[in-house]
Amino acid sequence: MTAMPPPRHRGAAKKPMWIIVLLSIIVVSLIGAYVYPPRRYSACYFFASSVCTPFKDWLPAVTLREPTDEEIASAVVIRDLLSMPMPVSKNPKIAFMFLTPDSLPFERLWEKFLQDQEGRYSIYIHASREKPVHNSSLFVNREIHSEKVVWGRVSMVDAEKRLLANALQDIDNQFFVLLSDSCIPLHTFDHIYNYLMGANVSFVDSYLDPGVHGTGRYFIEMFPEIERRDFRKGHQWFAVTRRHAILILADTLYYSKFKLYCKPAVGRNCIADEHYLPTLFNIVDPGGISNWSVTHVDWSEGKWHPRSYRAADITYALLKNLTSFNENVHIASDDAKTVTSTPCILDGTKRPCFLFARKFYPDTLNNLLELFSSDTSA
């Protein structure tokens with residue numbers, strides 16, 4: 001009898017694991033794209049734009065998110081503020097709003113700048129630490145109720161709003177300029193007055209910084225009212241129209257997000273005064289701002305604080321140079337330190353960008369007084 005060979009057992013077939021992994025990734029991607037669809041179709045996360053359109057057409061229809069009561073109320077208020085006529089003043093004034101911890105070291109310089117200009121300006125002082133000691137009668141009794149201000153916190157924005165609220169009580173105030181204790185004027189009063197009153201925009205610095213100190217400071221908790229793509233950065237020192245001053249006070253929706261989530265923290269140092277107004281105006285009225293500040297600040301040293309000028313730095317050439325810039329430069333905080341330069345355009349004409357400058361140490365006062373003349377530029 002012929003012996004039968006023992007049964008042969010096939011080894012377990014090897015599973016093509018790479019195919020399983022690939023299919024898993026595709027399935028997860030499709031589910032994620034459906035559950036969390038991009039709010040703008042141009043922001044297609046996984047595919048090129050040519051592939052993105054048929055892909056989203058294939059997905060089931062997605063219902064747009066219903067706005068909250070707060071968003072609806074905010075949209076209505078802002079829409080009407082931007083379209084309603086503003087009161088017409090027969091005697092329009094500039095409100096100079098000083099944000100300072102205590103005394104203003106350049107009162108004598110500002111007094112010379114404001115000489116013979118009564119009725120064309122107002123002064124407001126927010127002194128967050130101590131009551132100022134004045135060297136000029138123009139600044140006496142100009143203090144408003146002030147609260148403590150902590151660098152980087154929303155209390156800085158609160159102080160700005162407090163200054164605006166007080167300045168808006170005067171119906172003749174038509175332009176509102178935020179200044180620090182280390183700011184100086186670069187031109188005559190007439191030059192600055194005509195520059196601001198002739199502008200049809202507010203001067204708010206707002207730009208996209210893709211680096212760690214720009215969009216890297218965005219908190220996802222700000223979503224959906226504030227999206228990462230709308231998050232902007234800019235210098236604190238603004239000059240805004242009466243309409244925009246009222247809008248800043250009226251905003252509670254976007255302000256509340258910054259109050260809750262934008263604060264100095266380890267790993268994500270969000271500075272409220274550098275992001276709140278640039279982001280607000282980028283969302284609600286991007287065409288109504290210049291995207292540059294009329295106050296020159298030199299950040300070229302790449303430090304936490306801008307360059308400061310001492311007495312030995314003060315020359316006619318320095319001040320003349322500060323008044324000659326007609327392009328606004330931003331240095332991003334990305335790895336490449338990307339530099340962008342944009343011309344300062346007003347009514348279709350390229351203009352010098354800056355009317356004021358900072359930071360100047362108190363020891364520069366005498367040299368500045370010698371150089372400054374009431375009837376010429378700096």
Side-chain angles (χ1 to χ4, degrees), residues 74 78 81-82 86 94-99 124 154 156-165 167-168 173-180 183 192 195-209 213-215 217-218 226 229-255 257-258 262 270-297 299 306 325-332 340-347 351-358:
S74 175
I78 291 174
L81 273 176
L82 293 177
M86 288 287 106
I94 298 175
F96 294 104
M97 308 181 303
F98 290 89
L99 187 56
Y124 302 87
V154 78
M156 187 75 78
V157 175
D158 293 338
E160 296 171 5
K161 285 177 171 266
R162 203 170 290 121
L163 282 163
L164 286 171
L168 280 165
N173 286 334
Q174 297 295 304
F175 237 96
F176 303 78
V177 181
L178 183 69
L179 300 161
S180 77
C183 282
I192 291 176
Y195 189 108
L196 294 178
M197 293 300 181
N200 58 0
V201 294
S202 288
F203 297 91
V204 177
D205 191 33
S206 179
Y207 69 100
L208 176 63
D209 179 353
H213 301 311
T215 51
R217 293 171 171 176
Y218 173 79
I226 301 172
R229 64 165 180 240
D230 292 324
F231 196 73
R232 292 294 184 270
K233 186 178 181 180
H235 300 323
Q236 172 185 9
W237 313 103
F238 60 74
V240 298
T241 62
R242 186 173 186 89
R243 184 186 306 278
H244 280 159
I246 297 172
L247 188 151
I248 293 169
L249 291 188
D251 172 55
T252 57
L253 178 67
Y254 303 104
Y255 166 80
K257 291 291 184 175
F258 281 89
C262 187
C270 188
I271 310 301
D273 59 83
E274 292 184 3
H275 297 284
Y276 168 58
L277 289 185
T279 301
L280 171 67
F281 282 104
N282 179 58
I283 294 173
V284 303
D285 193 19
I289 61 172
S290 64
N291 291 314
W292 82 82
S293 168
V294 287
T295 298
H296 179 271
V297 186
W299 289 96
F325 290 115
N326 57 15
E327 293 194 353
N328 190 36
V329 177
H330 290 122
I331 304 174
T340 57
S341 181
T342 53
C344 297
I345 304 293
L346 277 180
D347 297 326
R351 300 282 300 277
C353 303
F354 305 116
L355 306 178
F356 312 95
R358 68 185 300 269

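Counting begins at 1 with the first residue of the sequence. This is a predicted model, so every value here is computed, not measured.
Using a 4.5 Å heavy-atom cutoff, the side chains of F356 and V177 are in contact. Side-chain contact between R358 and T295: present, with at least one pair of heavy atoms (C-beta onward) separated by less than 4.5 Å. L178 places none of its side-chain heavy atoms less than 4.5 Å from the side chain of L164. Residues C270 and F231 form a side-chain contact, since some pair of their non-hydrogen atoms from C-beta on lies under 4.5 Å apart. H330 is listed as a side-chain neighbour of D205, based on a closest heavy-atom distance under 4.5 Å. Between Y195 and V294, some side-chain heavy-atom pair lies under the 4.5 Å cut-off. For the pair L163/F176, no side-chain contact is recorded, criterion being any heavy-atom separation below 4.5 Å from C-beta on.
D285 contributes atom CG, which lies 9.5 Å from atom CD1 of I78 (distance to the nearest 0.5 angstrom). Once rounded to the nearest 0.5 Å, the distance linking OH of Y124 with CZ of R162 reads 16.0 Å. The structure places CZ of F203 at 6.0 Å from CG of L196, a figure rounded to the nearest 0.5 Å. Taking OH of Y254 as the start and CG of L280 as the end, the distance is 7.5 Å to the nearest 0.5 Å. Interatomic distance, T241 OG1 to L247 CG, rounded to the nearest 0.5 Å: 9.0 Å. For the atom pair N173 CG and I94 CD1, the distance stands at 9.5 Å (nearest 0.5 Å).
Looking at T279, its side chain does come within 3.5 Å of a backbone N or O of R232 through a donor-acceptor pair. Side-chain atoms of S293 come within 3.5 Å of backbone atoms of W237 as a donor-acceptor pair (strictly under, hydrogens ignored). Judged by distance alone, with hydrogens and angles left aside, the side-chain atoms of R217 form no donor-acceptor pair with the main-chain N or O of C262 at under 3.5 Å. In this structure a side-chain-to-backbone donor-acceptor pair under 3.5 Å is present from N282 to D230. Checked by atom type and distance alone, the side chain of K233 never pairs as donor or acceptor with a backbone atom of P278 at under 3.5 Å. Not one N or O on the side chain of W292 forms a donor-acceptor pair closer than 3.5 Å with the backbone of C344.
Residues F238 and F281 place their aromatic rings such that the two centres sit no closer than 6.0 Å.
Closest non-hydrogen pair, V284 versus L82, comes out as O-CD1, 3.6 Å. Of all heavy-atom pairs spanning V201 and F175, the tightest one is O-CZ, 3.5 Å. The two residues S341 and E327 make their nearest non-hydrogen contact at OG-OE1, 2.6 Å. A pairwise comparison of heavy atoms in L99 and M156 identifies CD2-SD, 3.5 Å as the closest pair. Scanning both residues, A250 and L81, for their nearest heavy atoms gives CB-CD1, 3.8 Å.
Checked against Q236 for a side-chain hydrogen bond (donor to acceptor under 3.5 Å, both in side chains), the options E160, E274, H275 give a single hit: E160.
In this structure, a donor-acceptor pair under 3.5 Å is present between the side chains of Y255 and D158. Remark: the S202 side chain and the H244 side chain contain an N/O donor-acceptor pair separated by less than 3.5 Å. A donor atom on one side chain and an acceptor atom on the other are found under 3.5 Å apart for Y276 and D251.
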